[in-house]
Amino acid sequence: MTAADIPDRYDPRAIQEKWQLRWDAMDTFRASDDPADTRPRTYLLDMFPYPSGDLHMGHAEAYALGDAMARYFVQRGHNVLHPIGWDAFGLPAENAAIRNNSHPADWTYRNIETQAASFRQYAVSFDWSRRLHTCDPEYYRWTQWLFLRFYERGLAYRKDGYVNWCPIDQTVLANEQVIAGKCERCGAEVVRRVLTQWYFKITEYADRLLADMAALEGKWPDRVLLMQRNWIGRSEGAEVSFEIEGRDVPVTVFTTRPDTLYGATFFVVAADSPLAAELCTPSERAVLDAYLADVRKLTDIERQSAEREKTGVFLGRHAVNPVNGERIPVWAADYVLPDYGTGAIMAVPAHDQRDLDFARKFGLPVRVVVDTGGPDPEQTGVATPGEGTLVNSGPLDGLSKADAIARITEILTGKGLGRGAVSYRLRDWLVSRQRFWGAPIPVVYCDGCGEVAVPDEQLPVLLPDLRGQELAPKGVSPLAAAADWVNTQCPKCGGPAKRDTDTMDTFVDSSWYFLRYCSPRFEHGPFEVEAVRRWCPIDLYVGGVEHAILHLLYSRFFVKVLHDMQMLDFTKPFTALVNQGQVINHGKAMSKSLGNGVDLGVQLAEHGVDAIRLTMIFASPPEDDIDWADMRPEALVRFLGRVVRVAAEVAAAGTAGGRAADGDLELRRVTHKTVDEVTRLVESTRLNVAVARLMELVSAARRAIDGGPGAGDPAVREAAEALTVMLSLFAPYTAEECWEVLGHEPSVARAGWPAADPALLVEDMVTCIVQVDGKVRDRLEVAAAISGDELRELALAAPGVDRALAGRAVRTVVVRPPKLVNVVSQ
RNA sequence: GGGGCCGUAGCCCAACGGCAGAGGCACAAGUUUUAGGUACUUGACAGUGUGGGUUCGAAUCCCACCGGCCCCA
């Protein structure tokens with residue numbers, strides 16, 4: 001190569017096309033399942049995408065991050081599993097199919113191919129041989145199989161439950177699809193409706209899911225752990241039994257404040273609970289029914305809102321306070337939810353704001369039983385939930401809140417009227433969906449045998465071939481209309497039976513996909529136990545914070561169940577987690593309605609893949625949001641151009657074969673220090689800083705070429721090569737091109753991570769800061785190995801110190817060799 | 001209402017309790033160029049949201065307040 005070959009322009013398109021073709025033939029990133037392969041194994045997982053269209057800016061950030069980490073471990077010589085698949089069931093496909101009179105699979109697989117092509121262009125280091133789609137029968141067969149295992153263990157069960165129902169679209173909506181009480185698609189007022197639904201008994205694992213998080217401390221983002229803890233919502237308190245007049249069996253309520261039991265002046269049951277219907281006296285029936293019609297229009301969130309005015313109706317009946325025998329009225333209200341605890345509470349208006357609001361609205365008594373020193377809640381309308389001394393509470397009088405809780409729990413336990421108890425906010429997971437494009441629930445209903453599980457050998461229960469208008473909402477799952485499909489034989493008695501027409505929540509599909517990747521074609525189970533043992537748990541999981549609660553919680557639940565089934569030898573699926581931030585534009589999330597969307601394809605075409613990947617990485621710490629309006633991808637294009645020129649000039653100087661040790665020492669120090677720092681930065685996922693270090697190395701190499709020993713110096717080649725390998729994590733095309741220019745065989749992806757020579761990291765001389773009273777007054781060039789005493793003497797003799805002291809005496813001297821001395825004056 | 005995170009040059013961001021500036025953008029000047037652009041070099045710009053406290057020393061730790069974001073109500 002000669003000087004004439006040095007490119008004066010960086011042309012990303014040309015090198016992208018060139019290397020895409022060559023990489024396709026190389027299969028560089030296939031993970032090895034060979035047991036004889038002794039390289040350390042690393043399982044690096046990116047959250048799989050939903051195929052909603054082509055990849056977008058958010059994907060570009062997430063996969064740039066995950067890919068950099070995966071490529072790092074490859075460079076370190078690990079056997080890396082970095083798979084990809086698609087979370088491919090879900091409602092958008094169904095809506096598209098209705099619109100286009102087609103099958104949801106058409107839209108889904110078309111989008112998957114589009115995204116797969118974009119991933120290829122984006123140069124993500126996936127092991128494509130393990131690709132999976134959750135909507136493939138080979139996959140959802142095992143989703144169904146897992147459902148049946150849960151069913152066998154009593155972890156999948158059916159009960160009547162409330163769902164959000166859109167009367168226009170005639171379908172059930174997820175909570176997230178209900179915006180301010182209205183259907184997000186048609187704007188109709190959503191109503192609550194009782195349907196018989198399948199649930200997973202995740203509450204049985206609440207304590208274990210909570211306990212596990214201690215071990216994830218420091219490995220998962222704090223905010224995710226916090227969100228999960230809040231979501232599980234453990235609270236300690238007591239269960240208290242209340243006799244209800246005219247009812248044989250007492251009703252148990254859970255309270256976190258059993259100490260306030262003497263202040264319970266009324267009793268509230270959820271208006272829409274079976275208990276309310278049961279307790280309602282005939283004379284109040286009409287009132288309750290009228291009230292219920294209103295209640296059913298509300299979402300849980302609205303019902304619990306503190307701002308909303310309290311509503312409720314008296315049920316014409318009384319409960320008895322177990323500690324003082326007092327008759328207290330039983331009310332039905334919507335601020336108590338039917339599926340939380342027992343659907344009933346004891347109301348202590350003096351010390352609970354919602355109870356107080358309710359009491360004031362309906363003229364119910366307020367009795368202070370904890371003297372907090374605050375003003376009377378009945379007068380102020382402000383409840384006093386804080387610490388204080390018990391009053392008006394018989395044996396509890398004079399006790400503190402904590403002592404009273406202990407004492408009353410003891411008393412209740414002794415009398416068989418209650419006991420200490422723990423309650424969780426977490427509810428069982430409703431998995432039924434009245435939708436087509438999901439995994440059918442593998443259960444049939446037989447007139448003779450009742451609910452019957454589909455036998456394993458009949459799996460998968462394939463979706464019928466419905467398309468277009470057949471998928472339009474009709475009030476029941478679209479599957480119900482497929483008579484040929486619904487009507488089947490009972491696996492037990494052979495008689496006529498009907499299939500369950502609901503499909504599973506797509507979160508079920510994604511709760512175990514990471515296990516399938518270990519043996520994606522395995523035909524005798526959801527995964528091969530040995531393969532999972534080899535790869536799992538996942539070393540690093542990369543994905544959006546939007547999955548901080550549900551997906552991560554469900555996956556943890558699945559892994560625990562599978563562990564209990566002795567199919568897994570670990571209980572925590574994701575050892576470490578990184579949540580990348582969002583890509584926003586002008587301060588707001590990109591959205592069609594705001595018209596602030598940025599098209600990834602346009603960005604890639606304009607600046608090239610590598611510059612966009614680098615822009616994403618360099619923008620900010622991975623967990624922070626990136627405001628695209630603040631980004632200048634052309635700056636990274638420029639940077640890549642500088643890298644290419646350095647490599648080309650080194651190549652043109654024809655230095656191959658020179659010993660690095662003979663090279664310019666100053667540049668060598670910079671190179672090795674950069675390697676050392678970048679290594680640490682990548683391992684702690686501080687990739688934005690790592691890129692900044694690479695920029696410095698390029699500048700150092702540039703200076704060495706222009707104003708130092710020149711491009712022919714072996715140290716410059718050493719710098720260029722180390723730079724190229726490190727850059728390959730972020731800008732694989734440019735790095736590959738440079739690697740070839742520097743005279744190496746592809747692929748740079750496997751070149752091996754450079755090693756920093758410790759001898760080049762130690763500095764002989766360092767600058768010591770000399771402070772007087774904490775302010776910098778002088779600096780000294782000293783030997784790095786200088787002793788404290790020696791440094792103290794030098795510092796006290798420094799002219800700047802003398803000047804700053806201005807004759808004052810020295811009180812003490814803080815010496816931190818070799819970098820700092822602080823002289824403290826009187 | 002409870003809990004958490006974050007406020008550093010015009011902008012994006014660095015800084016084991018120890019020189020506030022690593023890097024980038026934008027800006028200015030210079031070299032190259034017929035010019036522009038490119039490339040290269042150089043420069044200027046903040047004292048860390050506000051007020052206290054701890055410390056020899058605080059952007060960093062603690063408290064309060066202001067502003068923004070998130071989770072739970």
Side-chain angles (χ1 to χ4, degrees), chain A residues 6-10 221-233 235 300-308 335 337 340 352-354 382-383 385-386 425-426 545-546 548-549 579 581-582 584 587-589 614-621 623-639 641-642 644-646 649 673-674 677 680-681 684 686 688-700 702-703 705-707 766-780 800 810-826:
Chain A
I6 294 167
D8 61 345
R9 208 170 70 86
Y10 166 65
D222 289 342
R223 60 174 168 166
V224 174
L225 294 175
L226 185 73
M227 280 191 255
Q228 294 232 340
R229 286 193 176 105
N230 285 343
W231 190 260
I232 295 170
S235 52
D300 283 5
I301 291 163
E302 290 169 320
R303 289 175 63 159
Q304 293 178 91
S305 162
E307 279 83 55
R308 227 180 90 255
Y335 77 96
L337 298 178
Y340 186 55
D352 181 280
Q353 190 61 48
R354 289 167 306 170
V382 179
R425 210 191 70 89
L426 184 68
V545 74
E546 66 273 16
I549 299 179
N579 282 136
Q582 279 188 290
I584 61 176
K588 297 211 169 63
L614 265 177
T615 302
M616 293 288 182
I617 295 292
F618 183 56
S620 66
E623 58 275 14
D624 288 3
D625 286 350
I626 295 173
D627 194 331
W628 198 251
D630 295 331
M631 295 303 121
R632 295 275 92 90
E634 56 272 24
L636 284 303
V637 174
R638 219 140 55 203
F639 166 68
R642 300 183 83 199
V644 170
R645 278 189 300 277
V646 166
E649 287 172 48
K673 191 156 177 282
T674 303
E677 287 185 16
R680 279 203 299 267
L681 290 165
S684 50
R686 290 155 68 208
N688 54 325
V689 188
V691 173
R693 294 289 170 271
L694 296 184
M695 289 174 171
E696 290 175 68
L697 182 55
V698 173
S699 294
R702 181 81 261 155
R703 275 194 303 275
I705 292 172
D706 292 342
V766 295
T767 303
C768 175
I769 300 306
V770 184
Q771 301 176 333
V772 175
D773 295 328
K775 293 190 179 57
V776 180
R777 296 302 186 190
D778 212 332
R779 49 198 74 206
L780 301 166
V810 172
R811 183 156 58 119
T812 180
V813 183
V814 179
V815 187
R816 297 276 181 276
K819 289 269 181 75
L820 179 117
V821 177
N822 188 11
V823 179
V824 184
S825 71
Q826 286 291 359

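So that the names make sense, note that chain A is the first sequence line, chain B the second, and so on, each numbered from 1.
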Visitor: Give the nucleotide from the list B:G18, B:G23, B:A39 with an atom nearest to the side chain of A:Arg645.
Guide: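 Selected nucleotide (nearest to the side chain): B:A39.
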Visitor: Report yes if at least one side-chain N or O of A:Arg686 is closer than 4.0 Å to OP1 or OP2 of B:A15; otherwise report no.
Guide: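 Yes, within the criterion.
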Visitor: From C-beta outward on A:Trp231, which listed nucleotide comes closest to its side chain: B:C72, B:U41, B:C56?
Guide: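 Of B:C72, B:U41, B:C56, B:C72 is nearest to the side chain of A:Trp231.
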Visitor: Is there a donor N/O on one and an acceptor N/O on the other, under 3.5 Å, for the side chain of A:Gln771 and the base of B:G18?
Guide: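 Flag set: donor-acceptor pair detected.
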Visitor: Strictly below 4.0 Å: does A:Asn688 bring a side-chain N or O up to OP1 or OP2 of B:A14?
Guide: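 Result: yes.
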Visitor: Choosing from B:A14, B:C40, B:G18, which nucleotide comes nearest the side chain of A:Asp706?
Guide: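 The answer is B:C40.
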Visitor: Taking the C1' atom in each of B:U48 and B:C61, what is the distance between them to the nearest angstrom?
Guide: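 Here B:U48 and B:C61 have their C1' atoms 16 Å from each other.
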Visitor: On a whole-Å scale, what distance lies between the P atoms belonging to B:G17 and B:C71?
Guide: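 Rounded to whole Å, the distance is 30 Å.
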Visitor: NA contact type, A:Pro621, heavy-atom cut-off 4.0 Å: base, sugar-phosphate, or nothing?
Guide: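 Touches sugar-phosphate only.
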Visitor: Quick one: pull up CD in A:Glu677 and CG in A:Leu697 and give me the separation to the nearest 0.5 Å.
Guide: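 Going from the CD atom of A:Glu677 to the CG atom of A:Leu697 covers 11.0 Å.
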Visitor: Considering only B:U41, B:G23, B:C13, which nucleotide approaches the side chain of A:Phe618 most closely?
Guide: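 Out of B:U41, B:G23, B:C13, the nucleotide with an atom closest to A:Phe618's side chain is B:G23.
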Visitor: Under 4.0 Å, heavy atoms only, any strand: does A:Asp627 hit a base, just the sugar-phosphate, or nothing?
Guide: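 Counting heavy atoms under 4.0 Å across all strands, no contact is made by A:Asp627.
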Visitor: Tell me what A:Arg816 touches on the nucleic acid: a base, only sugar-phosphate, or nothing, going by heavy atoms under 4.0 Å.
Guide: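 Since a base atom lies under 4.0 Å of A:Arg816, the category is base.
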Visitor: Taking atom C1' in both B:A26 and B:C13, what distance in whole Å separates the two?
Guide: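 That atom pair is separated by 14 Å.
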Visitor: So what does A:Asp630 touch, heavy atoms closer than 4.0 Å: a base, only the sugar-phosphate, or nothing?
Guide: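 Sugar-phosphate only.
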Visitor: Let me spell it out: for each of A:Leu820 and A:Arg703, pick the nucleotide of RNA chain B with the closest heavy atom. Which residue's pick is nearer the 5' end?
Guide: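 Its nucleotide being nearer the 5' end, the pick is A:Leu820.
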Visitor: Rounded to whole Å, how long is the line connecting atom CG of A:Asp624 with atom P of B:G7?
Guide: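 Atom-to-atom, A:Asp624 to B:G7, this comes out as 9 Å.
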Visitor: Could you give the distance separating B:A15 and B:C6 at their P atoms, to the nearest angstrom?
Guide: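 These two P atoms come out 13 Å apart once rounded.
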Visitor: Have a look at A:Glu696 and say if it touches a base, only the backbone sugar-phosphate, or nothing, with a 4.0 Å heavy-atom cut-off.
Guide: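 Contact class for A:Glu696: sugar-phosphate only.
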Visitor: Any idea which of B:C40, B:G23, B:G4 is nearest the A:Leu226 side chain?
Guide: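 Looking only at side-chain atoms, A:Leu226 lies closest to B:G4.
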Visitor: When the P atoms of B:G49 and B:G67 are considered, how many whole Å apart are they?
Guide: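 Their P atoms lie roughly 16 Å apart.
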Visitor: Between B:C72, B:G23, B:C25, which one does the side chain of A:Ile549 approach most closely?
Guide: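 The listed nucleotide nearest to A:Ile549's side chain is B:C72.
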Visitor: Does the structure show a Watson-Crick or G-U wobble partner for B:A15, both distances under 3.5 Å? Name it, or say none.
Guide: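 Paired with B:A15, as far as the under-3.5 Å criterion goes, is no nucleotide at all.
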Visitor: If we check side-chain contact (heavy atoms from CB on, under 4.5 Å) with A:Leu226, which of these qualifies: A:Asp222, A:Asn230, A:Val224?
Guide: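 Among A:Asp222, A:Asn230, A:Val224, the one that satisfies the side-chain contact (heavy atoms from CB on, under 4.5 Å) with A:Leu226 is A:Asn230.
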Visitor: Look at the side chain of A:Asn230 and decide which nucleotide, out of B:G24, B:C72, B:A15, has an atom nearest to it.
Guide: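 Output: B:C72.
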Visitor: For A:Ser620 and A:Asn688, does a side-chain donor sit closer than 3.5 Å to a side-chain acceptor?
Guide: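 Checked: A:Ser620/A:Asn688 side chains show no N/O donor-acceptor pair below 3.5 Å.
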Visitor: Indicate, yes or no, whether a donor-acceptor pair under 3.5 Å links the base of B:C5 to the side chain of A:Arg223.
Guide: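 Such a pair does not exist between side chain and base.
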Visitor: Looking at B:C70, B:C56, B:A22, which one has an atom nearest to any side-chain atom of A:Met227?
Guide: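 Nearest to the side-chain atoms of A:Met227, counting from C-beta on, is B:C70.
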Visitor: For nucleotides B:G2 and B:A9, find the distance between their C1' atoms and express it as a whole number of Å.
Guide: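 37 Å, rounded to whole Å.
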Visitor: Would you say a side-chain N or O of A:Arg642 is under 4.0 Å from OP1 or OP2 of B:C40?
Guide: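 For B:C40, OP1/OP2 do have a side-chain N/O of A:Arg642 under 4.0 Å.
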